A.B. asks: 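Okay, here's the structure, questions in a sec.
Only a predicted model underlies this, so the values are computations on that prediction, with no experimental measurement involved.
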Amino acid sequence: MKLKHAVAGMMTAAAAAVLTGCNPDATDPAKEANLVYPNWAEGVAYTHLAKVVLEDKMGYEVEITAADVAPGYTAVAQGSQDAFMECWPALHKDYLDRYSDDLKSLGNVYEGTEVGLAVPAYVTIDTIAELQANAAKFDGKITGVDAGAGMMKTIENELFPAYGLTDIKLLASSGPAMTAALADAVKNEEWIVVTAWRPHWMFGRWDLKFLKQDADKPIWESGNLEIVGRADLEADKPELAQFLKNFFVTDAQISDLMVKIKDSDDDTLTAARQWMLENESTVEKWIPTAN
Amino acid sequence: MNIPKIPVGQLFEHLINWLTDHAELFFDAVSGTVTAMLSGLEFVLLLPHPLLMIVFMSALAWWLASRNIALFSVLGLYLIYNMGYWTETMETLSLVLAAVLISLALGIPLGIWAAKKDLAERIIRPVLDVMQTLPAFVYLIPAVLFFKLGPVPGVIATMIFSLPPVVRLTNLGIRQVPEEIHEAAISFGSNPRQLLFKAELPVALPSIMAGVNQTIMLALSMVVISGMIGAGGLGNEVLKGITQLKIDLGFEAGISIVILAIYLDRVTQHLGQK
């Protein structure tokens, strides 16, 4: 019988909590930030860093939300989120075109991205031009990512005709499936060619190389990672917009941060806070000065 | 012969755009209600210390189901706590509970209505078919357009997916109430209300509870998909694990979902038999 009372008690508490909705925060809306990031290692790392800097140094209340790319862009374009933290202009062209009126770039957060086809270092070819002749060794397939991804379209519509690749097919899978296939191939020292981009943790885990493009048939260029805000962010929250514009990590910094997060026993936020404390001079440069 | 393509996709797109423009107040109201439910549930579930909560949940399992299930609860839930996924598990549990509560609040009356009126059944049935079979990925973007990112669209998407079984099984349960019980109840002078609450619903209860159980299990299977629209909880941990090929993380979070599923399944399975 006591148990029944306990249950009844819990139910009443639940009902009370449900009714009041318990929403005690009443902060200045200009000091709130809602950031969306995709679940990729580098974006996870620096988005958590942005959260701790905004909260500890600038007094913000920051909500970070992990979401898939398409819903992420949709939410920012709609204005319910402030910024999408990891925009790959080349890969996300479809979304950027579709929402061109509702999104505004807040500048680079990382420079020097690479996109292309990658093979393990033990594979003896070095260029995309050699693929056609060696198609059989790759089992006639390029292991790709999601069917809708921008780079998948580029490969079929631009790379295949430019390099006359007829003996090799592009296999759509997903990011996780591609890296799993790569892990398996590397373990057995088999030949594999995958769609790849850097920064990506796979380059840290395995010895990989990008296949070189022919000088006269360039398909991909080196690019940057951007933060993309909703169109009216600068008018609404100028300080936040300025911070995101200033926010920038070098390759060495992001690698260091990712290693810290990976090796830490604490959660991602604590590791990011640790990194912030060790890199005060870098962090200070991101914070907009009032004037 | 050049038959024009029937613009099915465009029709849906127009409908969605029209709804985002014109039904904002309605969606905001729904969103507010669901947010309040979720934060309330989360608050209550995370209020006691995890160990206390484990004791409570296991006691509940013993009371409602059996000693073995209570034993499983202690071990399973402690494993979740030990692996460090307690907060995420409770977030997921509140998401599932919110979706299930809404499903039941809508589904049981719908099921009763479908059992009473053949026309209602003829309309409801194809709608349920669509809800259950349209791939969940398809309505992720509409869910985001209507309800923004976060647990709210997660609850809505989960609810759409998990509502059908409780409607179907409530309908079925009431339709299968033996004619003799009907006649007896009516000959004792029951009005339609008494007939429903005193005769039909009690007899149909095992079937309805089977529907509730199925609803809960389907809700849990949506957890990972709703992680893609920022619902957080265990779904997010699983996605993090698989996008970064962290097999350990994926499995730990996945096993936490399994433990939660078994717990909810066994406990609710015994509810109808009591």
A.B. asks: Would a distance-only check, ignoring hydrogens and angles, find a side-chain to backbone donor-acceptor pair under 3.5 Å from A/T65 to B/G150?
C.D. replies: no
A.B. asks: Using a 6.0 Å cut-off, check whether atom CD of A/E63 has over 12 heavy atoms from anything other than its own residue.
C.D. replies: no
A.B. asks: Could you tell me which of B/N236, B/T33, B/I247, B/L45 has the largest number of non-hydrogen atom pairs under 4.5 Å with chain A?
C.D. replies: B/N236
A.B. asks: Is it true that atom OH of A/Y122 has more than 12 heavy atoms of other residues, nucleotides or ligands lying nearer than 6.0 Å?
C.D. replies: yes
A.B. asks: For A/A67 and B/G230, which heavy atoms make the closest approach, and how far apart are they?
C.D. replies: CB-N, 3.9 Å
A.B. asks: For B/L140, which atoms come within 4.5 Å of any heavy atom of chain A: side chain, backbone, both, or neither?
C.D. replies: neither
A.B. asks: Non-hydrogen atoms of chain A under 4.5 Å away: do they reach the side chain of B/T20, the backbone, both or neither?
C.D. replies: side chain
A.B. asks: Return yes when atom CZ of A/F203 has more than 12 non-hydrogen atoms of other residues, nucleotides or ligands closer than 6.0 Å, and no otherwise.
C.D. replies: yes
A.B. asks: Got a second to check how far B/K148's NZ is from A/Q78's CD, nearest 0.5 Å?
C.D. replies: 6.0 Å
A.B. asks: I'd like to know whether CZ of A/R205 has more than 12 heavy-atom contacts from other residues, nucleotides or ligands below 6.0 angstrom.
C.D. replies: yes
A.B. asks: Give the interface residues of residues 42-51 of chain A toward chain B, defined by a heavy-atom separation under 4.5 Å.
C.D. replies: A/V44
A.B. asks: Which residues in residues 175-186 of chain A have any heavy atom closer than 4.5 Å to a heavy atom of chain B?
C.D. replies: A/P176, A/T179, A/A180, A/A183
A.B. asks: As an exercise, state the distance from OG1 of B/T243 to CH2 of A/W201, rounded to the nearest 0.5 Å.
C.D. replies: 8.5 Å
A.B. asks: Do A/M202 and B/L245 come close enough that some side-chain heavy atom pair is under 4.5 Å?
C.D. replies: no
A.B. asks: So which of A/A77, A/G79, A/A66, A/S174 has the largest heavy-atom pair count under 4.5 angstrom toward chain B?
C.D. replies: A/A66
A.B. asks: Counting only heavy atoms not in B/L11, do more than 12 sit closer than 6.0 Å to its CG atom?
C.D. replies: yes
A.B. asks: What's the separation between atom OG1 in A/T268 and atom NZ in B/K240, rounded to the nearest 0.5 Å?
C.D. replies: 4.5 Å
A.B. asks: My understanding is that only one of A/T74, A/D68, A/V36 makes a side-chain contact (heavy atoms from CB on, under 4.5 Å) with B/L149; could you say which?
C.D. replies: A/V36
